[in-house]
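A short worksheet on the structure shown next.
Reminder, nothing fancy here: chain letters follow the sequence lines and each chain counts from 1.
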Amino acid sequence: MLCPLLLTAGSILLCTSPGSAQVAIGLRLGAVGSTNLVRDSVVEALEVRPAVAPQLGIRASLPIGGRYALGVGLSVSHSNLRATDDTATSTVTTLTMWSPSVFLRADILPWLGAEAHLGLQIYDPGETVGTLFSQGAPVEPSLGLGLAMERALGHRLTASLFVQYDAHRFTTTALGARGFTGATVVHRVAVGLSLRREFGHAKP
Amino acid sequence: MQSRSAVLGLLAALTLGGCETAAAPERRAAYDYDLQGSGQVFHWTADRLPVRYWIAPEAGIVADFAREGIQRWSNQFLYGEFRGVVVEDSTRADVLVRVGPSTPPSGTPTNDPPALGACDGVTSNEVFDGQLTGPFRVQINWDVRYGDVDVVNCLERVAVHEIGHTIGLFGHSPNEFDLMNPTPRVGTPSDADRATAEVLYHSPSSVRPPEIP
């Protein structure tokens, strides 16, 4: 799954010839951590959360006037979903998370950008039998904010160090069928590096 | 100014959701699951999953019921506590399933209650010094004097019931609508069966699994 994404993004970044639109294409590589998906109690307290996961993303944006840009992005992360009680940690399944989003970016300072994004969290478990995903994996809307410290590298290339936060609600059909009520608000924080290249005519 | 308001609004919306956590249901074991009232408790540990089931070639329709039983019991859990797989090599299996006196008739189970006596099942194991000495042995027998429908209905319930013993539910439920009732009327674990299995798998096991064959 990651290879086609990387190849596509790399090809766009390296091979696209300048056109009339001033589109920016970016690649992101980082790590994402998450709070608990489930807090349960069977004999003793139990917490279920994804392990810190490598995250890869691709984004495209267009300036919409002033210091703002509007864009779309897709990131994917993959790690083990772990259940931890007082005595042991076990792996429930592997978990891939797809996160498509639209974002609004603003240049706050020449070297600092901020953004707000609205997207989806798509859960893609490796195993469904005998897990909280046995009756289907959720797709949940998410909201987020991000900051990026940027540095121009020349040739319309910009590198940045980013930190991104998002939150979404989590529950599954299987949890509901077992008597869980409500949903858990899951908070995620990602940090990493990105490389962005602009294509098209520069602003007059 | 507008962008600052938008960011503050978004932050407020995220904060409002803040620490909300889904409320978990309470689980209690509905019946005893220890080994013949001895207090000895067994469940498969994560390092022994998936549990390997060998089903005799002459098992016929019981092989399908056993596979279905493994699936039904696995799906009682939320956190991957139990998984099973059918293997071809009996010498490398954790559970051996045999059927007698011959290959049973085939058919699709109905919702009719099974006829008592059309079949029966026994799951046996031996414990020595806090450890199982070998694989679980499941023996399911059917009675040729009963009609095919009664036999098939009985075999489905008994096969899934015996798989329940092999996951560590050694006891029986007094409730006739629980799968782990001594004469099961249903073919799927009930809420009580599920809660009992969940409590078992989150309790300390006093009996270790057998050595890996």
Side-chain angles (χ1 to χ4, degrees), chain A residues 35-46 48 66-68 81-85 87-93 104 106 108 114-118 127-135 142-145 165-172 174-176 178-187, chain B residues 2-29 41 43-51 67-68 70-85 167 191 194-205:
Chain A
T35 57
N36 292 329
L37 304 187
V38 180
R39 191 167 290 180
D40 198 354
S41 179
V42 190
V43 180
E44 58 187 13
L46 175 79
V48 179
R67 53 205 173 105
Y68 295 99
L81 180 63
R82 291 176 175 166
T84 304
D85 61 21
T87 56
T89 296
S90 61
T91 298
V92 177
T93 178
L104 178 65
I108 298 175
E115 66 182 40
H117 48 97
L118 176 66
E127 181 73 62
T128 56
V129 173
T131 73
L132 62 165
F133 302 109
S134 62
Q135 296 178 46
S142 72
L143 285 171
L145 296 170
Y165 163 82
D166 62 58
H168 64 279
R169 291 164 64 86
F170 177 87
T171 188
T172 68
L175 289 172
R178 305 297 173 81
F180 281 78
T181 55
T184 299
V185 176
V186 178
H187 305 271
Chain B
Q2 280 181 336
S3 62
R4 187 176 298 172
S5 301
V7 169
L8 288 174
L10 186 57
L11 274 174
L14 293 173
T15 309
L16 282 177
C19 301
E20 186 181 344
T21 300
E26 186 179 0
R27 279 86 136 200
R28 286 184 181 165
V41 172
H43 61 74
W44 295 99
T45 46
D47 61 325
R48 293 299 300 268
L49 300 180
V51 177
R67 284 191 180 87
E68 187 62 34
I70 295 166
Q71 180 97 352
R72 288 178 191 174
W73 278 110
S74 297
N75 271 333
Q76 302 312 304
F77 297 96
L78 290 170
Y79 311 120
E81 293 93 329
F82 170 79
R83 289 192 185 102
V85 63
I167 76 169
D191 289 349
R194 175 194 301 146
T196 307
E198 286 185 299
V199 170
L200 165 62
Y201 270 74
H202 288 270
S203 299
S205 179

Can you tell me how far CD of B:Glu198 sits from CG of A:Asp40, rounded to the nearest 0.5 angstrom? 7.5 Å
Chain B heavy atoms under 4.5 Å from A:Val38: which part of the residue, side chain, backbone, both or neither? side chain
Does atom CZ of B:Arg48 have more than 12 heavy-atom neighbours from other groups under 6.0 Å away? yes
Option that, when pairs with chain B are counted at under 4.5 Å, heavy atom only, ranks first among A:Asp85, A:Thr93, A:Leu132: A:Leu132
Which atoms of B:Gln76 approach chain A - backbone, side chain, both or neither, heavy atom under 4.5 Å: backbone
Heavy-atom distance under 4.5 Å to chain B: side chain of A:Leu37, backbone, both or neither? neither
B:Phe77 meets the ring pair (Phe, Tyr, Trp, His ring centres under 6.0 Å) criterion, sequence neighbours left out, with B:Tyr201
Given side chains that start at C-beta, do those of A:Arg178 and B:Arg27 come closer than 4.5 Å, heavy atoms only? no
Minimum heavy-atom separation for A:Thr184 and B:Ala22, please, with both atom names. OG1-N, 3.0 Å
A:Arg169 portion near chain B, given a 4.5 angstrom heavy-atom threshold: side chain
Between B:Asn75 and A:Ser134, which heavy-atom pair has the shortest distance, and what is it? OD1-CB, 3.5 Å
Run the salt bridge (charged side-chain N to carboxylate O under 4.0 Å, His left out) test against B:Arg83 and tell me which residues pass, sequence neighbours left out. none
Heavy-atom pair of closest approach, residues A:Val92 and B:Gly80: CG1-N, 4.3 Å
Are side-chain heavy atoms of A:Phe180 and B:Leu78 found at a separation under 4.5 Å? yes
Measure distances from A:Val48 to the heavy atoms of chain B and classify the residue's part below 4.5 Å as side chain, backbone, both or neither. side chain
Is it the backbone or the side chain of A:Glu127 that comes under 4.5 Å from a heavy atom of chain B, or both, or neither? side chain
Please flag which part of B:Arg194 lies under 4.5 Å from any non-hydrogen atom of chain A: side chain, backbone, both or neither. side chain
On a heavy-atom basis, which atom in A:Ser41 and which in B:Ala24 lie closest, and how many Å separate them? N-CB, 4.4 Å
